[in-house]
There are 2 protein chains.
Amino acid sequence: MTPDDFHLSSFLPYRLAVLSERVSRRLSVEYGRTHGLAVAEWRVLVHLLRCGAVSIRDIHNCVNLEKPRVSRAVSRLEAEGLVQKAQGDGDGRLVAISLTDAGRTALADIIPAATRIERHLTDAVSPQDLETFFRVMERMHAVLDDDPEAKPRTAMDLNQNANPISSPA
Amino acid sequence: MTPDDFHLSSFLPYRLAVLSERVSRRLSVEYGRTHGLAVAEWRVLVHLLRCGAVSIRDIHNCVNLEKPRVSRAVSRLEAEGLVQKAQGDGDGRLVAISLTDAGRTALADIIPAATRIERHLTDAVSPQDLETFFRVMERMHAVLDDDPEAKPRTAMDLNQNANPISSPA
DNA sequence: CATTCGTCGTTGCAAAAGCAACGAAAGTCA
DNA sequence: TGACTTTCGTTGCTTTTGCAACGACGAATG
């Protein structure tokens, strides 16, 4: 084995990390400057917009954030009035978290900007290439799904790109 | 603007972050368990393998790590005997960091494993698709290069995918 | 030379991440 | 019902991160 010519800049995990971090950072400039949000808060807000009143556990299972991180993000959002907590109906442990009007307003402001940034990125490539791009990402996820050493994918990330073969008939 | 149907799981920055983090984590299982290394240490070691005796600043400019992070990573590596510091020849400020034999031995152990993981991922897609995948990544980088709000790319990441047109004649 | 400016590496410090463990509230099974 | 297990959300605590500022050294300018 001759690893002497191992180049970091052509190493797939490194490349992924660099691009991902650069994109995330560019995005966080947007919602950071305008609303003082961090990545965790942003993900929580977006998830709530789709799913209404949900528990911490549910958020954790959907947006790829550790449980304590979700808990603290929700606390911050609550302190800023973008989110409200309520006791779960049946289960006394569950907390029903939902957007406030202020939260919805903030999202209505941020989401267009976020979408615009995304479009800038995607408009630079052809639809076919973009489709290939996402397909490759999904294939890599599938490889990791079969790897016992890799962390499992969240339910939501799995369903998003569900394999048609494994769908119920 | 109707952002009501904004899906996090189909949002490009989120997807990138999730895949990148999953891959990085899988990789760090490898060099973490075997040699107790973190991402920063891993990047520093790999860079040293290619570039010999270099300064903190040079590492910082090449492997996408903040300067203090490089400094501390080097300290840790030095404490473990994988790296050695020497006074720079001409400039008294510069520190010449280089691999020790133990560092080279560690790399000789880790790099094959890392390459194997990378190959698992890339073998799952066709060479054409993989080529498209990297080309799309490069296009997105190019978009960010033109965005004044985005952090500039490191010199090394730029040269890696240098645009032939802008090469000196 | 002396002074000013820029650069190098390090350190301080406040914020965040990750992990384990906790109390509280179901669920389970006798 | 009572003991045991599991799950939920939170909190402690240690390590890490990121940013700014610092001292040390060199280069540039007068």
Side-chain angles (χ1 to χ4, degrees), chain A residues 17-18 20-22 24-26 28-29 31-33 36-44 47-48 53-80 83-98 151 155, chain B residues 17-18 20-22 24-26 28-29 32-33 36-44 47-48 53-80 83-98 151 154-155:
Chain A
V18 170
S20 166
E21 201 232 333
R22 202 163 176 227
S24 278
R25 225 162 168 76
R26 172 63 187 92
S28 75
V29 168
Y31 52 64
R33 183 176 46 197
L37 300 181
V39 186
E41 282 97 333
W42 154 254
R43 289 193 191 173
V44 169
H47 180 69
L48 290 179
V54 291
S55 66
I56 296 268
R57 181 66 163 185
D58 178 76
I59 304 178
H60 161 66
N61 281 334
C62 289
V63 302
N64 259 287
L65 295 172
E66 294 300 315
K67 216 178 6 165
R69 213 172 152 192
V70 174
S71 178
R72 295 192 230 254
V74 167
S75 295
R76 278 189 291 258
L77 289 171
E78 190 188 21
E80 295 171 14
V83 142
Q84 59 196 359
K85 283 189 200 175
Q87 277 306 322
D89 295 334
D91 198 325
R93 299 168 295 178
L94 290 173
V95 186
I97 301 156
S98 56
K151 197 177 83 176
Chain B
V18 170
S20 166
E21 200 233 333
R22 203 165 175 225
S24 277
R25 224 162 170 73
R26 172 63 187 92
S28 74
V29 167
R33 182 176 47 198
L37 300 181
V39 186
E41 281 98 334
W42 154 254
R43 288 192 191 173
V44 169
H47 180 68
L48 290 180
V54 291
S55 65
I56 296 268
R57 182 66 163 182
D58 177 77
I59 304 177
H60 161 65
N61 281 333
C62 289
V63 302
N64 258 286
L65 293 173
E66 293 301 314
K67 216 178 9 165
R69 211 171 154 193
V70 174
S71 178
R72 295 191 231 253
V74 167
S75 295
R76 278 190 289 259
L77 290 171
E78 190 188 20
E80 295 171 13
V83 142
Q84 59 197 359
K85 282 190 202 173
Q87 278 306 324
D89 294 334
D91 198 326
R93 299 169 295 180
L94 291 171
V95 185
I97 302 155
S98 56
K151 197 177 83 176
T154 69

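Atoms considered below: every heavy atom in the structure, side chains included; atoms not considered: hydrogens, waters and symmetry mates. Everything numeric here is computed off the predicted structure, so don't read it as measured data. Every chain is numbered from 1, with letters handed out A, B, ... down the list of sequences.
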Rounded to the Å, how far apart are [X] [atom1] and [N] [atom2]?
{"X": "Ile97(A)", "N": "dC8(D)", "atom1": "CD1", "atom2": "P", "result": "13 Å"}
{"X": "Leu77(B)", "N": "dG9(C)", "atom1": "CG", "atom2": "P", "result": "16 Å"}
{"X": "Gln87(A)", "N": "dA25(C)", "atom1": "CD", "atom2": "C1'", "result": "10 Å"}
{"X": "Glu21(B)", "N": "dA17(C)", "atom1": "CD", "atom2": "P", "result": "11 Å"}
{"X": "Asn61(B)", "N": "dT7(C)", "atom1": "CG", "atom2": "P", "result": "12 Å"}
{"X": "Glu66(A)", "N": "dG9(D)", "atom1": "CD", "atom2": "C1'", "result": "14 Å"}
{"X": "Lys151(A)", "N": "dA17(C)", "atom1": "NZ", "atom2": "C1'", "result": "12 Å"}
{"X": "His60(A)", "N": "dC19(C)", "atom1": "NE2", "atom2": "C1'", "result": "13 Å"}

*For DNA chain D, whose closest nucleotide is more 5', that of Arg76(B) or that of Asp58(A)?*
Asp58(A)
*Among the candidates dG12(C), dT11(D), dG9(D), find the nucleotide nearest to the side-chain atoms of Arg72(B).*
dG12(C)
Measure the spacing between [atom1] of [X] and [atom2] of [Y] and express it to the nearest 0.5 Å.
{"X": "Asn61(A)", "Y": "His47(A)", "atom1": "CG", "atom2": "NE2", "value": "9.0 Å"}
{"X": "Leu65(A)", "Y": "Ile59(A)", "atom1": "CG", "atom2": "CD1", "value": "9.0 Å"}
{"X": "Arg22(B)", "Y": "Asn64(A)", "atom1": "CZ", "atom2": "CG", "value": "8.5 Å"}

Counting only side-chain N and O atoms of [X], is one of them less than 4.0 Å from OP1 or OP2 of [N]?
{"X": "Ser71(A)", "N": "dT10(D)", "result": "yes"}
{"X": "Arg69(B)", "N": "dG18(D)", "result": "yes"}
{"X": "Ser55(A)", "N": "dC8(D)", "result": "no"}

*Excluding sequence neighbours, so at least two apart, what forms salt bridge (charged side-chain N to carboxylate O under 4.0 Å, His left out) with Arg43(B)?*
none
*For the residue pair Leu48(A) and Ser98(A), what are the closest heavy atoms and their distance?*
CD1-C, 4.2 Å
*Flag the pair Arg25(A) / Val29(A) as yes when at least one side-chain heavy-atom distance between them is below 4.5 Å, and no otherwise.*
no
*asked:* Regarding dG18(D), can its base be found pairing with the side chain of Arg25(A) as donor and acceptor, where the two atoms are less than 3.5 Å apart?
replied: no
_5' priority, DNA chain C, between Ser75(B) and Ala38(A) [closest heavy atom]_ = Ser75(B)
Output a table of nitrogen or oxygen pairs between the protein and nucleotides 20-29 of chain D separated by less than 3.5 Å.
| unit_1 | atom_1 | unit_2 | atom_2 | d |
| --- | --- | --- | --- | --- |
| dG26(D) | OP1 | Gly92(B) | N | 3.2 |

Donor-acceptor contacts, no H, no angles, side chain residues 68-79 of chain B, under 3.5 Å, sequence neighbours left out:
| unit_1 | atom_1 | unit_2 | atom_2 | d |
| --- | --- | --- | --- | --- |
| Ser75(B) | OG | Ser71(B) | O | 3.1 |
| Arg76(B) | NE | Glu41(B) | OE2 | 2.7 |

